[in-house]
K.L.:
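Got a structure for you, written out below as structure tokens; questions coming shortly.
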Number of protein chains: 2
Amino acid sequence: MNASGQRGRKPRADVQRNRAALLETAQRHFLQHGVGTSLEAVAKEAGVGPGTLYRHFPTREALLAAVLQTRSEELVARQADIDQLGDPAEALEQWLRAMEDYFSAFSGLPDPLMAAARAQEPDNPLTLPCDTLITATDKYVQAAQLAGRVRESVKGYDLFLAAVSVAWIKGTGATDEESVDRLRALLASGYREPDDQA
Amino acid sequence: MNASGQRGRKPRADVQRNRAALLETAQRHFLQHGVGTSLEAVAKEAGVGPGTLYRHFPTREALLAAVLQTRSEELVARQADIDQLGDPAEALEQWLRAMEDYFSAFSGLPDPLMAAARAQEPDNPLTLPCDTLITATDKYVQAAQLAGRVRESVKGYDLFLAAVSVAWIKGTGATDEESVDRLRALLASGYREPDDQA
DNA sequence: GGTTTGACCGGATGCTACCTCCGTTTTACG
DNA sequence: CGTAAAACGGAGGTAGCATCCGGTCAAACC
């Protein structure tokens, strides 16, 4: 133990500096060019060699997961607001929108996300966030079902899939916002109880 | 005009041979490795140089469209059967399944398909099949709406998007058939008229 | 059947991106 | 300030894409 209470040697300053620069640059490139952006370009613009990038983030997914960390925290914050709502059907709906926004953060994000959702890949750094989201969705679904607002046949995972799909469609950029709205409405009338008048 | 009634010179035998070999090999590779498979590998296995492949099919999409031609014909055949059905709601449902199967022919197919669906790209060889499918879907939707079996708010394009989405999910391989079934059912109760007892 | 012609072939080529390895540099600590 | 551990970063091997061009081969004409 050293003075800062950490095990072993104090972490080097350049490590943190490079990591922060990489994350900042990567986020910008993911935003502009999607998740398939060139990692070499990210490294160069962050002012480090490719080796440094790969040491910090061994795979594209690892970098992606680290960049998504910020968005995850936003999502958790939004979750707190949603939990305040009295209406469980409204809460579910807002939660689905929140997830959809999260999935739409970068174009092409749904693909690695679905690859990670396929379980038995504990080494994939995106698996944990995915599982968390599925579990949370299930919570909202069950609450709404208890209130008789959502069909009993629906599972949280189904609506997780629905949200990812909508995000995927948005990410392809082939569709106007109107069509996406209609698709969301179609899904909503699919999971809601038929006699729900809300 | 020559003896065979064609303009100019008779097409060379090796052209047809190479084209057929490329199509056959490409289909096998698309099946095994998805639409992102290496075109160089396809050319090598077909016994031609990369130049020959690119002369026959200038882009990956062109090759894909040519390989899909066979499947398109199957789809048209299936359409004939569907048109025999008396029940327009049943016809729509079967048509959606037929489209979904078509989209699921190769893993990763939905992405280039959606890219082509984005209009104003008349040079994309996948645009034509896409537009045809959307138009056909609209036909089935309108027939079912006329019979009061499908909500008025639904558009053919919406269900086209739904079918592509389901195919995309299947293609990621991250989901078991049961979940896909539930998602399909969810979508169905979303577009059907609420009081439809069928 | 021989010659001509031009369409077609296919490999060599330049490019971009991925990912790894290892000699060099930086950093923390005593 | 000296030292050793840790991190850096660029060189380099691999793979795939897409193009170009000299050589070839099949079809057409005599």
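Below, read A as the first sequence line, B as the second, and so on, with proteins coming before strands; counting in each chain starts at 1. Not measured: the values here are computed from a predicted model.
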K.L.:
Report, one pair per line, the protein and nucleotides 24-27 of chain C atoms (nitrogen or oxygen only) whose separation is under 3.5 Å.
P.N.:
from: dT26(C); atom 1: O2; to: R12(A); atom 2: NH1; distance (Å): 2.9
from: dT26(C); atom 1: O2; to: R12(A); atom 2: NH2; distance (Å): 3.0
from: dT27(C); atom 1: OP1; to: R17(A); atom 2: NH2; distance (Å): 3.4

K.L.:
Do we see a donor-acceptor contact under 3.5 Å between the side chains of T137(A) and W95(A)?
P.N.:
yes

K.L.:
Hey, what do you get for CD (E93(B)) to CG (L159(B)), rounding to the nearest 0.5 Å?
P.N.:
11.0 Å

K.L.:
May I ask you to test the V180(B)-L161(A) pair for a side-chain heavy-atom distance under 4.5 Å?
P.N.:
no

K.L.:
Roughly how many Å is it from CG in L22(A) to P in dA7(D), rounded to a whole number?
P.N.:
14 Å

K.L.:
Output the distance between atom CD (E177(A)) and atom CZ (R182(A)), rounded to the nearest 0.5 Å.
P.N.:
11.0 Å

K.L.:
Look up atom CZ in R71(A) and atom CG in D101(A), then write down how far apart they are to the nearest 0.5 Å.
P.N.:
10.0 Å

K.L.:
Once you round to the nearest 0.5 Å, how far does CZ of R184(A) lie from CD of E100(A)?
P.N.:
4.5 Å

K.L.:
For residues L146(A) and P88(A), determine if any side-chain heavy atom of one lies less than 4.5 Å from a side-chain heavy atom of the other.
P.N.:
no

K.L.:
So if I take residues 32-46 of chain A and measure heavy-atom distances to DNA chain C, which residues fall below 4.0 Å?
P.N.:
T37(A), S38(A), L39(A), E40(A)

K.L.:
In the structure I gave you, are the side-chain heavy atoms of I169(A) and S165(B) within less than 4.5 Å of one another anywhere?
P.N.:
yes

K.L.:
Tell me the interatomic distance from N18(B), atom CG, to dA26(D), atom P, rounded to whole angstroms.
P.N.:
11 Å

K.L.:
Which residues within residues 50-61 of chain B lie with some heavy atom under 4.0 Å of an atom in DNA chain C?
P.N.:
P50(B), G51(B), T52(B), R55(B), H56(B)

K.L.:
With heavy-atom distances below 4.5 Å as the criterion, would you say the side chains of Y191(A) and Q145(A) are in contact?
P.N.:
no

K.L.:
So, Y140(B) versus D83(B): side-chain donor-acceptor pair below 3.5 Å or not?
P.N.:
yes

